[in-house]
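Counting starts at 1 for both ligands and their atoms, in listed order.
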Amino acid sequence: MERLIDRFGRRITYIRFSITPRCNFDCIYCSSHISERAKSKEFNLDDIAFLFNTASQLGIKKVRLTGGEPLVRKDITDIVKKIRVNKEIKEIVLTTNGSLLKYLAKPLKEAGLSRVNISLDSMRRDIFKKITKRDEFNNVIEGIKKSVEVGLVPIKVNAVLMRGINEEDVIPIVELSLHYPIIVRFIELMPVKGDNFWKDHYMPFSEALNIIRGKYKLIKSKGAIGEVADYYKVMGSKGKVGFITPVSQHFCSNCNRIRITASGKIYPCLFSEEYVDIWESVKAKRRNELIKLIKRSVEIKPKEHGPIELDDRVFIENMRELGG
Ligand code: SAM
């Protein structure tokens, strides 16, 4: 089998795929503009089957479906089934806001989904609404419980740290890991093109760590290989607590992924300006051309992204297209 290895010796085995830029939330930190044209550009089920059949022949072992909100696609369970038929792909995971999981967790598990990451930035209903502009807190909590119940585990709950907005939620979010087998991960806020939100609200992970240490004794714990988070455990808890630190300590040296947007652009890095367009090749089912383009995207993968806090040119072009 062919393998994808970049110029710095990193083996690419993981694709993050934004299956739609559409979303049923409107989160304050993700306020990327989506044109009407971009909204209608999504690969269909046959395209996705072709894309991942080809990718699986290049050593891709893990696929993450993201968005926008992946669960707004009506064919989401069929998408999972189509990817699942490729035996080389060992893991299919989903990043979701969780609002529709109470209905979809079971069919997704049956379709072959391995597990879910659920975004939840506050345990207070009013602050949740302020962040997402939707009153969906209770549905998300039900979605988390349903996912535990049907075995979409280990479940990861992702919370973006925002100074002045959700410091008070750090402890209640950590406490989810005490009682449930949930891996809670705090993510440092990243700058998105054209907004000043980041400058006002960025909070380094070390502050959250201090807040947690003020109440709980943390012990160092291990994550899976290739993980982007540092993990800890509150003594006696069922789950874990992790930190994803793209801003204060980037983790580029063990990056094993590329990103595909809903409109068929492969970004070799979340902060890349350069991309490779695979839309036409996938649509026309031109396999050799697609293989060449995927290889090209790996060839142009940068060694690392620049220091975000020092350089105003380092930002994410469009979060909903890229999928985080
Ligand atoms: N709708 C899904 C969700 O809510 O998880 C998937 C898409 S969302 C773009 C993927 C992840 O990116 C979420 O965990 C979200 O919190 C995170 N995210 C979005 N904007 C961010 C930013 N500016 N900084 C850090 N994380 C961000």
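Residues Leu178 and Lys238 have side chains not in contact (no heavy-atom distance under 4.5 Å, counting atoms from C-beta outward).
A salt bridge does not link Glu280 to Arg286: none of the charged nitrogens lies less than 4.0 Å from a carboxylate oxygen. With salt bridges taken as basic N to acidic carboxylate O contacts below 4.0 Å, none links Glu136 and Lys129. The residues Arg73 and Asp75 are annotated as salt-bridged, a charged nitrogen and a carboxylate oxygen being separated by less than 4.0 angstrom. The residues Lys145 and Glu149 are annotated as not salt-bridged, no charged nitrogen and carboxylate oxygen being separated by less than 4.0 angstrom. Ion pair Arg134/Asp26 not flagged as a salt bridge, since none of the NZ, NE, NH1 or NH2 atoms sits closer than 4.0 Å to an Asp/Glu carboxylate oxygen.
Neither the backbone nor the side chain of Ile118 comes within 4.0 Å of ligand 1, counting heavy atoms alone. Within the 4.0 Å heavy-atom criterion, the part of Val160 lying near ligand 1 is the side chain and not the backbone.
Short contacts between ligand 1 and Gly68, defined as distances under 4.0 Å to a heavy atom of the residue, involve ligand atoms 1 (N), 2 (C), 6 (C), 7 (C). Residue contact check: Glu188 has heavy atoms under 4.0 Å from atoms 25 (C) of ligand 1. Listed by atom number, the atoms of ligand 1 under 4.0 Å from Thr95 heavy atoms are 2 (C), 5 (O), 6 (C), 10 (C). Near Thr96, with a cut-off below 4.0 Å to any heavy atom, the atoms of ligand 1 are 2 (C), 3 (C), 4 (O), 5 (O). Atom numbering of ligand 1 starts at 1 in the shown order; those under 4.0 Å from a heavy atom of Asn97 are 2 (C), 3 (C), 4 (O), 5 (O). For ligand 1, the atoms closer than 4.0 angstrom to any heavy atom of Val192 are 23 (N).
Any N or O atom pair closer than 3.5 Å counts here, and Thr66 shares no such pair with ligand 1. Not one N or O of Asp121 is nearer than 3.5 Å to an N or O of ligand 1, by distance alone. For ligand 1, the polar-atom distance check finds no N/O of Leu189 at less than 3.5 Å from any of the ligand's N/O atoms. Looking at ligand 1, you'll find an N or O of Met190 within less than 3.5 Å of one of its N or O atoms.
Environment of NZ in Lys82: sparse, with no more than 12 heavy atoms of neighbouring residues, nucleotides or ligands closer than 6.0 Å.
Remark: the backbone N or O of Cys252 is paired with a side-chain donor or acceptor of Arg10 at under 3.5 angstrom.
Taking only non-hydrogen atoms, the option from Phe25, Trp198, Tyr202, Tyr29 nearest to atom 18 (N) of ligand 1 is Tyr29.
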Criterion side-chain hydrogen bond (donor to acceptor under 3.5 Å, both in side chains) on Asn210 and Glu207, from CA distance to verdict: CA-CA 5 Å; Asn210 284 340; Glu207 281 183 34; over 6 Å; no

